[in-house]
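This report refers to the structure that appears directly beneath it.
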Amino acid sequence: MFEFIMTDVVARHRKLNGSKVWVTTGSDENSLKNVRAAEAQKIPVGELCRRNADLFIALAKKVELSEFSFIRSSVKETHWKGPQKIWELCDKAGDIYKKKYSGMYCVACEQFYTDSELETGLCPVHKTKPELIEEENYFFRLSKYQKRIEEMFKNDEIMVFPQSKKNEMMGFVNQGLEDFSISRSKMRTKGWGVPVPGDESQYMYVWFDALCIYLTGVGFQYDEKKFKEWWPASMHVVGKDIIRFHLIYWPAMLMSAGLPLPKSVLIHGFITAGGEKMSKTVGNVVDPDELIAKYGIERVRYFFMKDIPTFEDGDYSEGAFKACVNNELVGNLGNFIHRTLTFAYTKFGGEIKSAPNESGISVLGEVGRRREEVNKLLWENNIHEAMLKILEIGNIANRYFQEMAPWELVKKDKEECEKVVSACLNMCMIIGDLLYPFVPESSERILGFIGMKPVPFGELGEMRSGFSVKEPKIVFEKIQEK
RNA sequence: AGCGAGGUAGGGUAGCAUGGAGUGCCCGCCGGGCUCAUAACCCGGAGAUCGGUGGUUCAAAUCCACCUCUCGCUACCA
């Protein structure tokens, strides 16, 4: 879910600023894990995958992913032609060959283990002695791309956010790239997965076909016109656990197939719950559906973008969630907006004609600088920092309101007071606008009170005079203790 | 073990490249103010041997060395 929100924030920001945006996502369903899970639940694999995918799609919709395509890799009709074509292209480039693979195989786990994974020569799960099994698989000539991948990193052909992950991968590359197996025997996969073209006995390695979701998601092999329009992707959003696939295997595959590389990869960390890794055994798994049902998507979006560092692990706890929403979203931003709008509405009947005075111009200058920083941070995909910057604006705005004390001023000098309120309304407008990628609904509501809509950065202008405020309602509600 | 990142008030962080009074931010805590606002907002305060030791320097969170602890990566698991 975190990834969905993050992607959506980026997507909305880009779209608002004039880019065409198409989001594609999917589920790689061809793994052995699914086969086993389905066996355990005694239902067909296809059924299990369909159920999971439905949950995912429903969640994505709740998170308000703007427009997206969802590819399920086990669905032949919309996906298989993609990876099979890539396979053929790689094969034509001479990068696929057959090789015997032998390894220690645990029958109970149904998987191979490397020496380092084995504990004193025994399977770490079953504590039994694994068998030495030999199997003939197809391999991808990754070693051939050693130089090209090094170059790719050096020249930033794919921008990596954050940089530190790029360094990590470069370290990996420097150890020397080895060819990797890209198929499994039919026996091992139990016939689940994408068949290798021209060899019935072999099925594709999950990642080989899963990565192709990025391609088929924009029409590759199914709608070439669409594909031309959307590929190469400007960004992939992935978790830190799978960067090797995205930053090494995937580019190499694309190079081999003669397709352009994606332009950037955004890597995020994991969410822990109450300081611990989420796991079913500990029982601290946070169900995103429940969270959204309980608190609403806007709050959830706000929390994850504000409290979780974009590129690192972050923690969720109910306490932190409430504090974050009540003290900042409500107390800082919500309060400022509400006190301003209410004041303008009750004291001036909503009609504010004056321009801000000098104090207002000065404070708007401060706000304006931060507004530019927010925009810059968003282009750098630094969502978390951008959100913090918006809160800073909220602070400035509240302080200004406090120091100017318009509630006093209105009794003494109404004209001067109107100028102050005008400055405050300008700040409401800026905050409302900046908030759009993060909490789109609320943003639209805020701007709606002053008869506006979210606009691209730069179109807002430096300052406005003349606002007509409708009767305001609370935008961000507090979470009440039950 | 190798490579990489990091250890800054109770918690979370910024600062480090180009050394200059422990400087900043968020949450929490304490005190005060305000009453337009959702018990919201504003101001002030307490709280830190900047992981440890040694070195360079007039001066080190910042540079160097060593130590210590934490966390990632080390491919055919996805």
Side-chain angles (χ1 to χ4, degrees), chain A residues 28-34 99 101-103 106 109-114 116-117 124-125 135 137-140 142 162-184 205-208 210 239-245 248-249 269-270 275 306-309 312-315 317 319-320 322-324 326-347 384-385 387-389 391-392 394-395 397-410 417 420-421 424 472-480:
Chain A
D28 59 328
E29 302 176 339
N30 297 322
S31 73
L32 275 173
K33 266 189 193 168
N34 282 334
K99 190 171 99 177
Y101 173 73
S102 66
C106 173
C109 299
E110 298 179 318
Q111 67 170 276
F112 284 98
Y113 283 106
T114 56
S116 55
E117 281 170 331
V125 182
E135 192 176 290
N137 294 143
Y138 289 98
F139 276 68
F140 180 81
L142 185 64
Q163 275 268 319
S164 58
K165 294 293 176 198
K166 174 177 125 179
N167 298 339
E168 193 178 307
M169 279 302 103
M170 282 168 83
F172 180 81
V173 174
N174 286 335
Q175 291 171 31
L177 294 175
E178 292 169 23
D179 299 347
F180 67 104
S181 154
I182 50 170
S183 78
R184 306 279 121 108
Y205 170 49
V206 183
W207 272 105
F208 191 93
K240 66 175 184 181
D241 54 333
I242 52 174
I243 56 179
R244 196 166 70 228
F245 299 97
I248 296 177
Y249 293 3
F270 298 136
K306 148 64 189 38
D307 231 40
I308 310 291
E312 281 157 72
D313 292 352
D315 190 59
S317 72
K322 279 185 188 163
C324 180
N326 285 353
N327 300 335
E328 298 163 5
L329 185 64
V330 175
N332 178 335
L333 299 175
N335 183 236
F336 173 71
I337 287 157
H338 193 242
R339 74 199 293 204
T340 299
L341 294 179
T342 306
F343 194 85
Y345 186 74
T346 53
K347 299 289 197 275
H384 175 242
E385 296 288 332
M387 192 61 234
L388 292 181
K389 202 54 92 177
L391 283 172
E392 226 174 88
N395 269 330
N398 271 315
R399 196 183 316 136
Y400 179 75
F401 200 105
Q402 194 71 22
E403 278 169 9
M404 291 298 122
W407 61 90
E408 286 293 329
L409 202 55
V410 73
C417 180
V420 168
V421 176
C424 290
K473 295 209 176 65
I474 287 176
V475 177
F476 300 111
E477 288 208 48
K478 228 175 161 164
I479 299 172
Q480 298 296 339

Exercise. Write down the distance separating the C1' atoms in G51(B) and C41(B), rounded off to the nearest Å.
Key: 39 Å
Quiz prompt | Derivation of the side-chain contact (heavy atoms from CB on, under 4.5 Å) call for Ile182(A) and Phe139(A) | solution = CA-CA 5 Å; Ile182(A) 50 170; Phe139(A) 276 68; 5.7 Å; no
Quiz prompt | Atom-to-atom span, NZ of Lys165(A) to C1' of C3(B) - whole angstrom | solution = 14 Å
Exercise. With C1' as the reference atom in both, quote the distance from U57(B) to C64(B) in angstrom, rounded to an integer.
Key: 12 Å
Practice problem: Rounded to whole angstrom, note down the P distance from A9(B) over to G15(B). | Solution: 16 Å
Give each protein N/O atom lying under 3.5 Å from an N/O atom of nucleotides 4-14 of chain B, with the pair distance.
none

Practice problem: Rounded to the nearest angstrom, tell me the gap between atom CG in Leu409(A) and atom P in U35(B). | Solution: 14 Å
Exercise. Name the pairing partner of A39(B), where a pair is Watson-Crick or G-U wobble with both distances under 3.5 Å, or state none.
Key: none
Exercise. Could you give me the CA-CA distance, side-chain angles and deciding distance for Leu177(A) and Phe172(A), then say whether side-chain contact (heavy atoms from CB on, under 4.5 Å) is met?
Key: CA-CA 8 Å; Leu177(A) 294 175; Phe172(A) 180 81; 4.0 Å; yes
Self-check item: Interatomic distance where CD belongs to Glu328(A) and C1' belongs to A40(B) [whole Å]
Solution: 14 Å
Quiz item: From the list C26(B), C36(B), A75(B), which nucleotide is the closest neighbour of the side chain of Tyr249(A)?
Solution: A75(B)
Quiz item: Any donor and acceptor pair, going by atom type alone, linking the side chain of Asp313(A) with main-chain N or O of Phe270(A) inside 3.5 Å?
Solution: yes
Quiz prompt | Nearest-nucleotide 5' precedence on RNA chain B, Lys240(A) against Val475(A) | solution = Val475(A)
Quiz item: Applying a 3.5 Å limit to both distances, which nucleotide forms a Watson-Crick or G-U wobble pair with C29(B)?
Solution: G45(B)
Quiz item: Counting just side-chain N and O atoms, does Arg244(A) come under 4.0 Å of either OP1 or OP2 of A78(B)?
Solution: no
Quiz item: From C41(B), A78(B), U35(B), pick the nucleotide closest to the side chain of Glu408(A)?
Solution: U35(B)
Quiz item: For Leu177(A), which contact category applies under a 4.0 Å heavy-atom criterion: base, sugar-phosphate, or nothing?
Solution: base
Quiz prompt | Face-to-face contact Phe343(A) to C36(B) six-ring, under 5.5 Å, under 30° | solution = no
Self-check item: Expected output: side-chain Ser181(A) to main-chain Asn137(A) donor-acceptor under 3.5 Å
Solution: no
Quiz prompt | Rounded C1' spacing from A21(B) to G2(B) in Å | solution = 42 Å
Quiz item: Leu333(A) pairs by side-chain contact (heavy atoms from CB on, under 4.5 Å) with which of Leu391(A), Val475(A), Asn395(A)?
Solution: Leu391(A)
Exercise. In whole angstrom, give me the gap between the C1' atoms of U18(B) and U62(B).
Key: 11 Å
Exercise. Provide the distance between the two C1' atoms, one in C73(B) and one in C30(B), to the nearest whole Å.
Key: 46 Å
Self-check item: Under 4.0 angstrom between Asn327(A) side-chain N/O and G28(B) OP1 or OP2
Solution: yes
Practice problem: Kindly assign one of parallel, tilted or perpendicular to the pair Phe245(A) and Tyr205(A), based on the angle between their ring planes and the thresholds 30° and 60°. | Solution: tilted
Quiz item: At under 4.0 Å, does any side-chain N or O of Arg399(A) touch on OP1 or OP2 of C43(B)?
Solution: yes
Quiz prompt | Pairwise C1' distance for C42(B) and C58(B), with rounding to whole Å | solution = 43 Å
Quiz item: Counting only N and O atoms by type, is there a donor-acceptor contact under 3.5 Å from the side chain of Asn326(A) to the main-chain atoms of Ile479(A)?
Solution: yes
Practice problem: Take the protein atom CD1 of Ile337(A) and the nucleotide atom P of A40(B), then report the distance between them rounded to whole Å. | Solution: 17 Å
Self-check item: Presence of Tyr400(A) side-chain N/O under 4.0 Å of C42(B) phosphate oxygens OP1/OP2
Solution: no
Practice problem: Quick one: look up who C66(B) pairs with, Watson-Crick or G-U, both distances under 3.5 Å, and put none if it's unpaired. | Solution: G52(B)
Quiz item: Under the 3.5 angstrom rule, does the side chain of Asn34(A) hit a backbone N or O of Glu29(A) as a donor-acceptor pair?
Solution: yes
Self-check item: Evaluation steps, side-chain contact (heavy atoms from CB on, under 4.5 Å), between Ile243(A) and Glu168(A)
Solution: CA-CA 10 Å; Ile243(A) 56 179; Glu168(A) 193 178 307; 4.0 Å; yes
Under 3.5 Å, which protein N or O atoms sit close to an N or O of nucleotides 23-25 of chain B? Give each pair with its distance.
none

Self-check item: Side chain Asn30(A), main chain Val206(A), donor-acceptor under 3.5 Å
Solution: no
Practice problem: Taking atom P in both U53(B) and A61(B), compute the distance separating them and give it to the nearest angstrom. | Solution: 13 Å
Quiz item: Please give, in whole Å, the distance from A78(B) P to Phe208(A) CZ?
Solution: 15 Å
Practice problem: Could you tell me if the ring centre of Tyr249(A) sits under 6.0 Å from that of Phe180(A)? | Solution: yes
Quiz item: Closer to the 5' end of RNA chain B via nearest nucleotide, is it Phe336(A) or Asp179(A)?
Solution: Phe336(A)
Quiz item: Can you tell me how far P of C76(B) sits from CD of Gln175(A), to the nearest Å?
Solution: 12 Å
Quiz item: Touch check for Glu403(A), heavy atoms < 4.0 angstrom, all strands: base, sugar-phosphate only, or nothing?
Solution: nothing
Quiz item: When the distance from CZ of Phe401(A) to C1' of C34(B) is rounded to whole Å, what number comes out?
Solution: 12 Å
Quiz prompt | Pairing partner (Watson-Crick or G-U wobble, both distances under 3.5 angstrom) of A61(B) | solution = none
Quiz item: What is the base-pairing partner of C73(B), counting Watson-Crick and G-U wobble geometry with both distances under 3.5 Å?
Solution: G2(B)
Quiz item: Just checking Gly171(A): base, sugar-phosphate only, or nothing, at a heavy-atom cut-off of under 4.0 Å?
Solution: nothing
Quiz item: side-chain contact (heavy atoms from CB on, under 4.5 Å) between Ile248(A) and Leu142(A): does it pass, once the steps are laid out?
Solution: CA-CA 9 Å; Ile248(A) 296 177; Leu142(A) 185 64; 4.2 Å; yes
Quiz item: NA contact type, Gly319(A), heavy-atom cut-off 4.0 Å: base, sugar-phosphate, or nothing?
Solution: nothing
Quiz item: For A17(B), what is the paired nucleotide under Watson-Crick or G-U wobble rules, both distances under 3.5 Å?
Solution: none
Quiz item: Phosphate oxygens OP1/OP2 of C34(B): is one of them under 4.0 Å from a side-chain N or O of Arg339(A)?
Solution: no
Exercise. Give the rounded distance in Å between these two atoms: CD of Gln402(A) and P of C41(B).
Key: 10 Å
Exercise. For the pair Asn398(A) (side chain) and Asn332(A) (backbone), establish whether a donor and an acceptor sit closer than 3.5 Å, ignoring hydrogens and angles.
Key: yes
Exercise. Could you tell me whether Asp28(A) contacts a base, only the sugar-phosphate backbone, or nothing, with contacts defined as non-hydrogen atoms closer than 4.0 Å?
Key: sugar-phosphate
Quiz item: For A40(B), does OP1 or OP2 lie under 4.0 Å from any side-chain N or O of Lys478(A)?
Solution: yes
Exercise. Would you classify Val330(A) as touching base, sugar-phosphate or nothing, given that sugar-phosphate means primed atoms plus P, OP1 and OP2, and contacts are heavy atoms under 4.0 Å?
Key: base
